[in-house]
Amino acid sequence: MKNAYTFAFLLCFGSLLAQNNVPSQTDLRIYGIIDAVSATNIEKDVRALADFGTRNTFSDTLSYTRGIGAARRYIKAEFEKTSKNCNSCLEVFYQKDFVTPEMGNRIPKETYVVNVVAIQRGTKYPNRYVIMSGDIDSRASNTMDFETDAPGANDNASGMAGTLEAARVLSKYKFENSIIYVGLSGEEQGLFGGKGLADYAKSKGWDIIGILNNDMIGNIEGVDGVISNRDFRIFSEPVPANETEKQRNARRFYGGEVDGISRQLARYIHKNVSNYMPEMNPMMIYRLDRFGRGGHHRPFNDLGFAGIRIMEAHENYTQQHQDIRIEDGIEYGDTVEHVNFPYAAKLTAVNAINLASLAWAPPSPQTVEIGGIVEADVKLKWSKVDGAAGYKIYWRDTTSPTWDHSRFVGDVSEATLDGIVIDNSFFGVAAVGANGHESLVVFPNAILR
């Protein structure tokens, strides 16, 4: 009898020990980040940016009270103020590119497209970056009109203000990976700021985890009559624009039509928000951007980087790209009165918790092999990464938009899912840090034979 009790104790102890080896999936610091985001700060920045009259890319660059020059100096000064408060934890600088009328039909004259960049350098992986962006520029009804007032309060002072606030909040923490907060210019003229920074990143050899592009995060009253301060959209393209012909052909046999790196970034955000901000309703939109329209994540996607767009769910087109006026009883114009600052704060928090989670996470596995053809079990094998305490296998029905099932398998490089048929599900693998934060899920990119 004594031996039986001893065996039962050891069995129980072994089970508890195994459980203790599983990293916690809840990080209380994330709730602190959510609580720290200030709607008051966001309102201050939106009003300041809107008060510059117009931020058209070709507006005044010398004035300190009007035009895009004044706006970018304000943004740079705010980043520098944040950096001063965190013992110079941000590297703040301008990144610029020269554009000419030959480069697009929305460029009336030669000018520099100037971005404002603030880098919070990672302690372990300083050359791995997760990026949050907002747009500096605004426009009137005529995008070539750089004189008329175009306050651009929601489009896109809201996204820019959210980026400034995320920097204030996250600068109080240390991260293993680097975070970039950036104001991009030239969006309304053809995404020139995003293209300039994406090219710059490629030339510098930056390892980009992903970019979270924020474009209009402050409106809750849609032109369709819907009012909601909970819904928001995550736009993502299905597969990289620069994939190879071999990769395209492989999809016909192995799947992956909706499993590119940008879609995995969208799923990551959806999961994180569902876990930590269940009051919000993240809507994954299976589209690069709105129908026929574009945003500043696209130039990064064009170069093969993961990138998504976060924005309000219910737009009001009378307040976008419109001269300020009253016509047929309708007030047109993108003015401060239409921005809901608590909602903008919520979407800023959405960004901040995902920036933090990715910046605290280990790198993703480079290779994930999958096998189990005409077998009853799925086999997965992956390359191990530095800093991972273990790995998690994810799977879902082939028609499901989200990773619905998972299993933590420990610090191993291969595992078998007994009784799960490879034909009926899609699979992926994420690295898990000791702090519980996970890398992006990697869809299988090789066959295990």
Side-chain angles (χ1 to χ4, degrees), residues 12-36 86 89 120-132 166 169-180 207-210 212 261 264-265 267-277 306 349-368 380-395 403 405-417 427-443:
C12 180
F13 179 76
S15 176
L16 288 172
L17 188 63
Q19 290 178 26
N20 288 336
N21 288 331
V22 179
S24 171
Q25 293 297 284
T26 300
D27 187 338
L28 296 180
R29 293 175 297 180
I30 295 294
Y31 295 113
I33 289 169
I34 295 169
D35 291 341
C86 63
C89 73
Q120 184 175 355
R121 194 68 64 176
T123 58
K124 187 173 183 179
Y125 308 106
N127 197 49
R128 297 189 74 239
Y129 305 88
V130 58
I131 305 171
M132 178 180 179
V169 172
L170 297 182
S171 64
K172 297 180 175 20
Y173 298 84
K174 298 289 187 183
F175 300 97
E176 293 187 348
N177 299 286
S178 297
I179 301 176
I180 295 177
D207 182 1
I208 295 180
I209 301 167
L212 282 57
I261 53 177
Q264 304 304 353
L265 178 57
R267 291 191 178 107
Y268 188 99
I269 294 168
H270 185 281
K271 174 177 176 285
N272 226 21
V273 171
S274 298
N275 287 344
Y276 286 104
M277 300 178 68
V350 165
N351 281 267
I353 66 172
N354 283 286
L355 292 173
S357 295
L358 288 167
W360 273 322
S364 300
Q366 289 295 304
T367 60
V368 174
L380 290 146
K381 183 178 181 180
W382 52 89
S383 56
K384 298 184 75 172
V385 298
D386 179 43
Y391 299 86
K392 185 181 284 188
I393 297 174
Y394 281 93
W395 69 98
W403 294 112
H405 314 288
S406 65
R407 182 178 298 172
F408 180 77
V409 294
D411 189 15
V412 297
S413 61
E414 56 187 298
T416 298
L417 298 178
F427 303 87
V429 177
V432 185
N435 56 14
H437 291 288
E438 301 178 16
S439 73
L440 297 179
V441 173
V442 178
F443 193 79

Taking the inter-plane angle between the rings of F443 and W403 on a 0 to 90° scale, is it parallel (under 30°), tilted (30 to 60°) or perpendicular (over 60°)?
tilted
Any I30 side-chain heavy atom under 4.5 Å of N272 side chain:
no
I want to check something: taking the side chain as every heavy atom from C-beta on, are V429 and V442 in contact at a cut-off of under 4.5 Å?
no
Is any side-chain heavy atom of L358 closer than 4.5 Å to a side-chain heavy atom of I179?
no
When rounded to the nearest 0.5 angstrom, what is the spacing between CH2 in W382 and CD1 in I393?
4.5 Å
Quick one: salt bridge (charged side-chain N to carboxylate O under 4.0 Å, His left out) partners of D386, sequence neighbours excluded?
K124
Side-chain heavy atoms of V130 within contact of N177, under 4.5 Å
no
Can you list the residues that meet the side chain to side chain contact (heavy atoms under 4.5 Å, CB included) rule with Q25, with sequence neighbours excluded?
K392, V432, E438
Would you mind reporting whether N354 and V273 have side-chain heavy atoms less than 4.5 Å apart?
yes
Heavy-atom check, side chain of Q264 versus side chain of Y394, under 4.5 Å
no
Is the shortest heavy-atom distance from the side chain of I269 to the side chain of V350 under 4.5 Å?
yes
Atom NZ of K381: over 12 foreign heavy atoms under 6.0 Å
no
Does one side chain, of Y129 or R121, offer a donor that lies under 3.5 Å from an acceptor on the other?
yes
Do the rings of W360 and F175 sit parallel, tilted or perpendicular, given the 30° and 60° boundaries?
tilted
Side-chain donor-acceptor distances from residues 409-417 under 3.5 Å, at least two apart:
{"residue": "D411", "atom": "OD1", "partner": "K384", "partner atom": "NZ", "Å": "2.9"}

